[in-house]
2 protein chains.
Amino acid sequence: MPDPFPVPIGLRLNQAARAVGRAFDEALAEAGGSLPVWLILLNLKICRPGTQRELAEAVGIREATLTHHLNAMDAAGLITRTRDAGNRRIQLVQLTEAGETVFLRLRQAAVAFDEQLRAGVAEAEIATLTTLLTRLTANVAEPPSADSPWAGLTGSH
Amino acid sequence: MPDPFPVPIGLRLNQAARAVGRAFDEALAEAGGSLPVWLILLNLKICRPGTQRELAEAVGIREATLTHHLNAMDAAGLITRTRDAGNRRIQLVQLTEAGETVFLRLRQAAVAFDEQLRAGVAEAEIATLTTLLTRLTANVAEPPSADSPWAGLTGSH
DNA sequence: TATTGTTATACTCTATAACTATA
DNA sequence: TATAGTTATAGAGTATAACAATA
């Protein structure tokens, strides 16, 4: 007699992502960070976004939400915001020394976590997984406007 | 020149899960529900848990968090809580007619969503994905105590 | 008027700690 | 004392709407 309620793949994905995400959160917290902070630092290093709008899009959150996090990061001494002389509407977000330090620490935590995560999983399997995730995402995603390599953090919560 | 920052599989998983989860949230919201409500209804139907503690474990949340949701579901007329005559500490949670209706509607939404999600993905590929997700989860999960088929909703948010 | 960003406010989900009632 | 559940409180992350400043 077949299972009348096979676990839907979406729910299975949700379970896995929550378990993995929770573990990642803990790893980042131990390193003194959080997922949003890590993604913001990462995008600052990689994309060098010109505006906060670009940064928010890259991270996958709203501008107001980004301001929220930047305020905290500013208070923590991780970033500075200075007006662009050429266009005073623009805030130039830059890492402080402390921000660089935290970035390196979080990167180390992220790398270590990823090693643990993929332990015993072959490169080809990771590639397969990536492909499948991309296909599933495409199936339910609205018209993808995200061109940032790191886009995708959108969540509701 | 190789990418100095290949997207870690954990982050890729997180992206996919957020995108898919967000879409699922929207689908459930359109059907008048939410993920926690759906999981609670589902577990009530499937596991027939004897206590709220069991239900909370099955859903993957704390008892107090469950009470929070049950209060809302009670106020919305989806469930009733009645004391067990044999052991008056125990609350028997039961679906009302309205609760049954919402359950059916959410199930329909969930099934439709899953069909959309796996469109064009072969059964074997889904199986592969499930296996890989399980392996990744096992790599970073703390000693799994969850024996419920639906366990895993834990999240931090 | 349009753009950039902030402030104010609030929602959802979650958690811990302290409590009541029952056993 | 232990168990079942609730209440009180709080925190993280997110969002929308209204706003100020600049262009």
Side-chain angles (χ1 to χ4, degrees), chain A residues 14 17-19 21-22 24-26 28-29 32-40 49-76 79-94 152-157, chain B residues 14 17-19 21-22 24-26 28-29 32-40 49-76 79-94 152-157:
Chain A
N14 189 274
R18 278 186 182 254
R22 178 207 192 76
F24 189 42
D25 280 347
E26 277 170 20
L28 288 176
S34 67
L35 184 57
V37 167
W38 164 235
L39 288 177
I40 289 168
T51 65
Q52 285 191 24
R53 176 159 302 169
E54 286 173 24
L55 178 56
E57 254 186 37
V59 174
I61 55 179
R62 301 286 175 175
E63 288 171 70
T65 305
L66 176 62
T67 296
H68 172 75
H69 291 299
L70 289 182
N71 284 344
M73 292 170 72
D74 200 342
I79 57 148
T80 58
R81 280 173 290 186
T82 51
R83 294 283 171 189
D84 183 307
N87 181 347
R88 292 189 47 75
R89 288 177 301 188
I90 294 177
Q91 292 269 41
L92 294 173
V93 181
Q94 283 180 307
L153 173 62
T154 43
S156 41
H157 278 280
Chain B
N14 189 274
R18 277 186 184 256
R22 178 208 192 76
F24 189 42
D25 279 347
E26 276 171 20
L28 289 176
S34 67
L35 184 57
V37 167
W38 165 235
L39 289 177
I40 289 168
T51 65
Q52 285 192 24
R53 177 160 301 170
E54 286 173 23
L55 178 55
E57 253 185 38
V59 174
I61 54 179
R62 301 286 174 174
E63 288 172 70
T65 305
L66 177 61
T67 296
H68 171 77
H69 291 299
L70 290 182
N71 284 345
M73 291 169 73
D74 199 343
I79 58 148
T80 58
R81 281 173 288 186
T82 51
R83 294 283 172 190
D84 183 305
N87 181 346
R88 292 191 45 76
R89 289 176 300 188
I90 294 177
Q91 292 268 40
L92 295 173
V93 181
Q94 283 180 306
L153 174 62
T154 42
S156 41
H157 281 279

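Reminder, nothing fancy here: chain letters follow the sequence lines and each chain counts from 1.
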Could you state the interatomic distance from [atom1] ([X]) to [atom2] ([Y]), rounded to the nearest 0.5 Å?
X	Y	atom1	atom2	answer
T51(A)	E54(A)	OG1	CD	4.0 Å
T82(B)	I90(B)	OG1	CD1	11.0 Å
R18(B)	L35(A)	CZ	CG	5.5 Å
L39(A)	I61(A)	CG	CD1	8.5 Å
T67(B)	R62(B)	OG1	CZ	13.5 Å

Practice problem: Would you give a per-nucleotide map of nucleotides 18-23 of chain D, 5' to 3', where B means the base has a protein non-hydrogen atom under 4.0 Å away, S means only the sugar-phosphate does, and - means neither? | Solution: ----BS

Need one value for [X]: base, sugar-phosphate or nothing, where a base atom within 4.0 Å counts as base even if backbone is also close, heavy atoms only.
X	result
T51(B)	sugar-phosphate
T65(B)	base
Q91(B)	sugar-phosphate

Calculate the interatomic distance between [X] atom [atom1] and [N] atom [atom2]; express it in whole Å.
X	N	atom1	atom2	value
D25(B)	dG13(D)	CG	P	17 Å
I61(A)	dC11(C)	CD1	P	21 Å
R22(A)	dG13(D)	CZ	P	14 Å
E63(B)	dA15(C)	CD	C1'	13 Å
I90(A)	dA2(C)	CD1	P	18 Å
D74(B)	dG5(D)	CG	P	14 Å
E26(A)	dA15(C)	CD	C1'	13 Å
L70(A)	dT6(C)	CG	P	7 Å

Taking only the side-chain nitrogens and oxygens of [X], find out if one of them lies under 4.0 Å from OP1 or OP2 of [N].
X	N	value
R62(B)	dT14(C)	no
R18(B)	dT14(D)	yes
H69(A)	dT14(D)	yes
R81(B)	dT6(D)	yes
Q52(A)	dT6(C)	yes
N71(B)	dG5(D)	no
S34(A)	dG13(D)	yes

Quiz item: Looking at residues at least two apart in the chain, or sitting in another chain, which of them share a side-chain hydrogen bond (donor to acceptor under 3.5 Å, both in side chains) with E63(B)?
Solution: R53(B)

Quiz prompt | Residue list, side-chain hydrogen bond (donor to acceptor under 3.5 Å, both in side chains) with D84(A), at least two apart or on another chain | solution = none

Exercise. Evaluate the side-chain contact (heavy atoms from CB on, under 4.5 Å) criterion for residues H68(B) and N71(B): first the C-alpha distance (whole Å), next the side-chain angles of each, then the deciding distance (0.1 Å), finally the verdict.
Key: CA-CA 5 Å; H68(B) 171 77; N71(B) 284 345; 5.7 Å; no

Polar atoms only, N or O, under 3.5 Å: list the protein pairs with nucleotides 8-10 of chain C and their distances.
none

Exercise. Quick one: list whatever passes side chain to side chain contact (heavy atoms under 4.5 Å, CB included) with R83(B), sequence neighbours left out.
Key: R88(B), Q91(B)

Self-check item: Any residue meeting salt bridge (charged side-chain N to carboxylate O under 4.0 Å, His left out) with D74(A), in chain and number order, not counting sequence neighbours
Solution: R81(A)

Exercise. Write down the atom of G50(B), the atom of L92(B), and the distance for their closest heavy-atom approach.
Key: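 The answer is O-CD2, 4.3 Å.
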
Exercise. For a side chain to side chain contact (heavy atoms under 4.5 Å, CB included) with I40(B), tell me which candidate from L66(B), I79(B), V93(B) qualifies.
Key: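 Filter result, single survivor: L66(B).
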
Quiz item: Quick one: bend of the helix from dT1(C)-dA23(D) to dA23(C)-dT1(D) from 5 pairs per end, to 10°?
Solution: 30°

